[in-house]
Structure formats: structure tokens, C-alpha cells
Amino acid sequence: MWHRFDVTVRDLPLGLLILIGSLIPEFQNHGTQLGGLPARPFDALAIVAVALQCLPLAVRRRWPVVCLTLVTLGFAVDQLRGYHSFAGTAMPIALLSVASHLERHRRTTALVFSVAYVPLAVALHRLGSGAEAPSEFVLYYLALALPWGMGSWLRSTRAAEAERRRRVAEDTRAAERARIARELHDVVTHHVTAMVVQAEAARYLTAAPERLDQALTAVTETGRRATTDLRHLLDLINPDHGTGATTPTVGRLLTLVEQTRRSGQPVEFTEEGTPAESTGSADLVAYRVVQEALTNALKYAHGSRTSVQVRHAEREITVEVSTDGSGSRAPASPSGSGRGLAGLRERVGVLGGDFSAEARTDGGFVVRARIPAGSPS
């Protein structure tokens, strides 16, 4: 609740505390003493000087230069009149605030107030009849330079932290965009490839109405499945998205294999072991590995016998997808970007696993992935 108040309200208590302390009789004439002037009892002007030094601290972050100007004026009256009040402690606080919160003309401000210090020091030296050596005025000036330096350090630290957070936010957004791009690639490429293969096969089934109807039904189901997956992905982009959105898991691998079979690809599916209770992102990555490998099988080895093996261990999931090269070997699409395999290698690598994709001597290919389970990201 305190941070909901305006910054002026939050800064006011410090000024009031110093003001009250300065008016306590035991603390009077026991503050900063510059110039060697004899102490003078408090009067009405002393209260004004104390108020000028304390109350402006309420605006030390909103208007730091105004604060320092008023505090300096009150400090000058305080020292020239010989009050030597406890309110003199407001001067280093005002200097620290200016150095920390002033955004522009910081050097000019430092130069102006440094020049203003000279006539004050000369006046105090004369009024004090030379009781204090000039070196004492220089020493006090150097002491005031310390809070200025601290404020400058705080400002630079704050700026460095803001820059670090900005870079982290940019890197996070870039990683999220890359993740969404990979998800779109996996979903669209697989489903569209399956629909294209099923539609091409339907062209040759005009003489067999039953098989043609089955092929067109498969195209329809694939389209609906693509729409569902895309809707889930768009839900992730939605700011109101919660934790209840559905994502593909290893449990849906059988549905994925059946869809590929209906597209004309003979697929043998084997799943061994029991999935761990907490797999983190491993199940989704395993699903994407199988999906991308079956998509490539449809595109570049249509009709080849394909094997999908998934093994669940206590701490990892192992996936192996291979073709024997017995079917038609369609050349790689000239528009292919290679983003799928590269994205899978990156995904598996982020989880600390291993990924490989290579050609077999019989003309087929094999994709292997070892994915550690339990990592949340």
C-alpha cells in the first residue's frame, strides 16, 4: 500500500523527521558548523531556515533541483546566522537525490552550485573573523562531493539494471517468437503435407467411390486436426491464456501415427516403458520429433516402411524414427528451409539431450533423439 502513494508523500516523512529533530532543544546548535561563527539562540528566522532545509526533501525525487536550491538557501541562512541546526544533514541528502534522479544538465547543476559555494564560504570566513582556515571550507566541499558521487553511482547502477532487463525482455520475446515459429512450422507442415498426399491419392480413386470417400474423409479429419492444433497454439499467444490449454503429448502419438497411415505411409509403432509422472517439456519435444520425422517420410520417402520407437525411462525419453527406402524417393522440396530438423536439434539441445538425423545405406533415413525428462523449459 505504501508504494501506491505518490512519491512526494513517500518522501515527506524523512523531511518531517529531520524537522522535528532540529526543533528539539537538546539538538539545537549541535548541527553542522561552518565558518566558526558563535552559536545563536533559535528565533523565528531559525524556524524558517530549518523548514527550508527539511520540507523540500518531499520533492527530492520529483523536482531534485528545486529541492537542492531551497535546501541550499536554508543552509546558507542557518550558517550565516549561526544557528548550526541539525537540519544541515538535509544538504547531503539533497545532493545525493540530485545526482541520482536528475536526468539532464547534471554537470551544469554541479558547476552552478559549486560556484555558489564560493561566496558563501567567503562570507562565512569574514563573519567568523578568520577563525576557520580556508582548508576547512575545501574539506567541507570535498565531503559534499561524496554524496554526489554516491548518487551518480546509484543512477548508473539503476541505468545498467534497466538496460539488463530490457535485453532480457528482448531475448525472451525473440525466444518466444522462435518457439511459436517452430510450433507453427511443425503443425502446418505436418498436417498440410498429409492433406496434400491424401488429396493426390484421391485423384486416382474416382473409379472406387468407397475408397475415394475414405480418402476425402481423411483429408477432412486432417484439416480439422490442423485447425484444432492451430487454435491451441493461438491460445498460447493470447494474453488471457491460462494453464489449462491443451498441448500435444506423447499420449497422442498413436493418433499421429494413424493419421500418417491413412495418408498411405506404412508405419510400425512401438512404445515401451511407462511415462514419468513429471516430464516437463520432454513429452512435447518427443511429439514434435516424431511429427517432423513422419512429415519428412511422407514428403521424401512416401510408401517406404517406417518405424517409430518410443522408449520411456525414469529420466529420459528416447525416440527413433526410420524408413527403409523401399518406397518412392521424391526429391527434397526446393522451398524447404531445413527449419524443422534445425529447430528440433535446438529444442532437444535446450533440454540437454542429443539429436541426430542421417541417411541410411539402403536409401532411407533415421532420426534419433534422447530427451531428458523433468525439465520445465
Side-chain angles (χ1 to χ4, degrees), residues 1-14 56-68 92-113 145-188 230-245 247 280-282 284-285 288 337-353 355 371-372 374-377:
M1 292 179 60
W2 176 253
H3 288 283
R4 294 178 182 177
F5 290 113
D6 185 78
V7 66
T8 303
V9 177
R10 286 183 277 139
D11 287 341
L12 180 60
L14 178 60
L57 292 180
V59 295
R60 63 188 181 89
R61 281 190 283 182
R62 184 179 294 277
W63 301 307
V65 175
V66 174
C67 171
L68 182 58
I93 297 175
L95 283 169
L96 187 145
S97 299
V98 169
S100 177
H101 300 289
L102 186 62
E103 297 295 335
R104 297 186 299 174
H105 309 303
R106 297 173 67 251
R107 293 183 179 179
T108 303
T109 302
L111 179 61
V112 169
F113 282 91
L146 180 60
W148 180 277
M150 293 174 59
S152 298
W153 176 79
L154 288 174
R155 183 178 183 276
S156 61
T157 302
R158 215 166 39 239
E161 176 64 15
E163 177 64 20
R164 185 192 68 82
R165 291 182 178 181
R166 186 189 63 81
R167 289 198 301 267
V168 169
E170 288 184 353
D171 293 343
T172 303
R173 286 193 294 269
E176 186 67 11
R177 285 194 294 267
R179 186 188 68 81
I180 293 173
R182 289 193 298 266
E183 294 285 343
L184 284 172
H185 173 274
D186 294 342
V187 171
V188 174
L230 287 174
R231 185 179 295 113
H232 290 158
L233 183 57
L234 293 176
D235 285 341
L236 294 176
I237 305 175
N238 186 350
D240 297 329
H241 168 68
T243 58
T247 56
S281 301
L284 176 59
V285 173
R288 293 306 185 201
S337 62
R339 178 181 296 176
L341 294 179
L344 290 178
R345 184 174 287 106
E346 180 181 348
R347 280 181 169 186
V348 175
V350 166
L351 298 183
F355 178 85
I371 309 163
S375 175
S377 174

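- To the nearest 0.5 Å, the span separating CG on L154 from CG on L96 amounts to 6.0 Å.
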Contacts table for residues 342-349: side-chain donor-acceptor under 3.5 angstrom, sequence neighbours left out:
{"from": "R347", "atom 1": "NH1", "to": "D186", "atom 2": "OD2", "distance (Å)": "3.3"}
{"from": "R347", "atom 1": "NH2", "to": "E183", "atom 2": "OE2", "distance (Å)": "2.8"}

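- Here the closest non-hydrogen pair linking S152 and A99 is N-CB, 3.6 Å.
- Contact record, P92 with P147: O-CB, 3.5 Å, taken as the closest heavy-atom pair.
- The side chain to side chain contact (heavy atoms under 4.5 Å, CB included) search around R10 returns W2, H3, F5, V7, R61, not counting sequence neighbours.
- A salt bridge does not link E161 to R158: none of the charged side-chain nitrogens sits closer than 4.0 Å to a carboxylate oxygen.
- Applying the side chain to side chain contact (heavy atoms under 4.5 Å, CB included) criterion to W63, with sequence neighbours excluded, gives V59, V66.
- Minimum heavy-atom separation, W148 to L95: CE3-O, 3.9 Å.
- When every heavy atom of P372 is checked against every heavy atom of L351, the shortest pair comes out as CG-O, 3.3 Å.
- With sequence neighbours left out, V112 forms a side chain to side chain contact (heavy atoms under 4.5 Å, CB included) with T108.
- Judged as a salt bridge (charged side-chain N to carboxylate O under 4.0 Å, His left out), the pairs with a partner in residues 98-107 (not counting sequence neighbours) are, in order, E103-R155.
- Between D6 and R62 there is a salt bridge, with a side-chain nitrogen of the basic residue lying less than 4.0 Å from a carboxylate oxygen of the acidic one.
- Applying the side chain to side chain contact (heavy atoms under 4.5 Å, CB included) test to I93 and every residue at least two apart in sequence or in another chain returns L14, I18, L57, R60, S97.
- Using a cut-off of 4.0 Å between Lys/Arg side-chain N and Asp/Glu carboxylate O, R166 and E163 are scored as salt-bridged.
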